[in-house]
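Notes to accompany the following structure.
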Amino acid sequence: MTQVEILDAAADRSGGYKVDVTRGQRIGRVSSEWFSRPDDERFLSLSDLYASVRSRTERSRTRTMPSADIRVEARSDNPEKLSFLLPGADRPVVPTHWSFGQLASLVGAPTAYLRQLPAALAGINLQYGLTSHRAEQVKTLEIEDGRTELRAVTGPDYGRIFDHELVEAVQRIAGNGTGDTRWKVPGVLDWSTGVYNPRVDITRDTTTLYASDRDVFLFLVDDLNPIEAGRLPDGSPDLYFRGFYCWNSEVGAKTLGMASFYLRAVCQNRNIWGAEDFQEIAIRHSKYAPSRFAHEAAPALTRFANSSPMPFVNGIRAAREQIVARDDDDRSEFLRKRGFSKAETSKIIETVLAEEGRKPASIFDFVQGITAVARDKPHQDARLEMEGRAKKLLDRLA
């Protein structure tokens with residue numbers, strides 16, 4: 001049986017773990033979130049995040065109504081603002097920027113054009129669209145916050161999964177997300193030494209727990225328990241950590257989804273380095289979305305959190321041991337049969353030679369070479385397509 005060493009937390013007293021981030025994929029999704037979030041969308045613990053998103057749920061209500069019964073109001077004392085009078089309401093609701101765009105899209109009105117019009121003219125166009133809306137029914141999400149705001153307008157079959165439900169599912173495996181369980185906000189890679197330090201203070205600059213009025217996004221790692229899956233060319237251990245991120249939007253701005261993977265490090269900009277075995281599921285907010293979340297997504301998260309790394313480690317070991325090319329002709333033929341161009345084939349072989357000190361021979365060698373070349377692709381689609389082909393090599397082996 002494969003020997004797997006899962007190092008304990010005490011092993012990082014020297015300040016961290018030496019890792020090789022030239023291998024595997026780079027995933028920039030978390031970095032994009034980190035870069036775009038203002039301070040008021042950053043949270044230092046899952047408890048704080050849950051309290052925030054749960055509070056707005058408690059102040060919200062959702063209703064389904066005929067679109068023709070919605071009345072558009074344009075106040076003469078504020079010609080730039082619109083509000084809506086909903087059936088059974090005693091005062092108008094004010095749309096958010098997001099819900100205004102949703103409502104315009106539902107009735108087939110050009111959102112960008114309406115935003116440029118004076119409120120009275122925009123209101124006339126919207127009212128006509130609501131009255132003649134073929135779908136007839138709409139579902140609203142309203143919130144009381146000193147005034148009544150219209151947070152979302154969707155079709156009647158929109159299957160809303162509230163943001164606090166996702167956070168609660170994560171809390172069941174990650175506690176507070178600060179190190180009280182195996183799962184925590186990630187540490188930081190020191191580029192000058194190649195050492196990944198899992199013990200970093202959680203601040204608004206380092207946190208990976210985010211929520212806005214439109215969505216929630218969480219990224220956590222099990223980086224105090226590194227997994228050794230083989231050896232590097234210099235004989236040192238090739239270390240991995242488990243990680244996952246998940247996202248949701250209760251107002252319809254995005255799907256619900258989660259991704260799990262093994263990684264080697266997270267840098268200061270929250271890029272994920274050296275990722276392997278990336279798995280992702282997404283759930284559209286359709287009619288049965290809440291049921292799918294309860295019976296599919298949430299259990300999948302728990303399974304990954306509690307699963308053994310043995311299948312992953314055995315897959316890496318098998319990929320290292322399966323020799324598929326013994327000379328240059330074998331190498332070229334192996335890659336060309338899998339759709340790589342002549343230029344890509346040469347680049348992959350040269351990259352492995354430069355990084356490993358030898359030409360590729362095993363499945364693992366080729367996978368590492370392909371993902372390394374993919375990182376240099378200027379366009380995301382091309383990069384993802386090449387990384388997908390690398391993953392297929394490992395999947396077929398498994």
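Side-chain atoms are counted along with the backbone in the values below, which use heavy atoms only and exclude waters and symmetry mates.
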Q. In terms of side-chain heavy atoms, does S47 have a donor or acceptor partner in N176 at a distance below 3.5 Å?
A. yes
Q. Is there a donor-acceptor contact under 3.5 Å from the side chain of R214 to the main chain of V251?
A. no
Q. How about Q368 and E276: does a side-chain donor come under 3.5 Å of a side-chain acceptor?
A. yes
Q.
Is it true that, when you exclude K347 itself, more than 12 heavy atoms of the residues, nucleotides or ligands shown sit nearer than 6.0 Å to its NZ?
A. no
Q. Looking at F366 versus F334, is the centre-to-centre ring distance below 6.0 Å?
A. yes
Q. Are the charged groups of E73 and R71 less than 4.0 angstrom apart, N to O?
A. no
Q. How about E250 and N248: does a side-chain donor come under 3.5 Å of a side-chain acceptor?
A. no
(Q) For residues 111-120, which residue pairs pass the side chain to side chain donor-acceptor pair (under 3.5 Å) check, not counting sequence neighbours? (A) H97-R115
Q | T255 side chain to W247 side chain, donor-acceptor N/O pair below 3.5 angstrom | A | yes
(Q) Looking at D365 and R358, is there a salt bridge between them, counting it only when a charged N and a carboxylate O are closer than 4.0 Å? (A) yes
Q: Give me the ring orientation class for W191 and W273: parallel if the planes are under 30° apart, tilted from 30 to 60°, perpendicular past 60°.
A: perpendicular
Q: Indicate whether the side chain of T22 and that of D20 have a donor and an acceptor atom separated by less than 3.5 Å.
A: yes
Q | Under 3.5 Å side-chain donor-acceptor pair for Y196 and R264 | A | no
Q: Tell me yes or no: between the side chains of D48 and Y50, is some donor less than 3.5 Å from an acceptor?
A: no
Q) Has the side chain of T181 got a donor or acceptor atom that lies under 3.5 Å from a matching backbone atom of G177? A) no
Q: For Y210, enumerate each residue passing the ring pair (Phe, Tyr, Trp, His ring centres under 6.0 Å) test, keeping only those at least two apart in sequence or located in another chain.
A: none
**Q.** Residues D213 and R151 bridged, charged N to O under 4.0 Å
**A.** no
Q.
Please give me the minimum heavy-atom distance between N225 and D222, naming the atom from each residue.
A. ND2-OD1, 2.8 Å
Q. Do N269 side-chain atoms and N271 backbone N/O form a donor-acceptor pair below 3.5 Å?
A. no
Q.
Looking at R326 and E333, is there a salt bridge between them, counting it only when a charged N and a carboxylate O are closer than 4.0 Å?
A. no
Q) Can a donor-acceptor pair be found between the side chains of S99 and T96 at a distance below 3.5 Å? A) yes
Q: Hey, can you tell me if F278 and Y245 have their rings parallel, tilted or perpendicular (30° and 60° cut-offs)?
A: tilted
Q.
Hydrogens and angles aside, do D205 and T203 bring a side-chain donor and acceptor to less than 3.5 Å of each other?
A. no
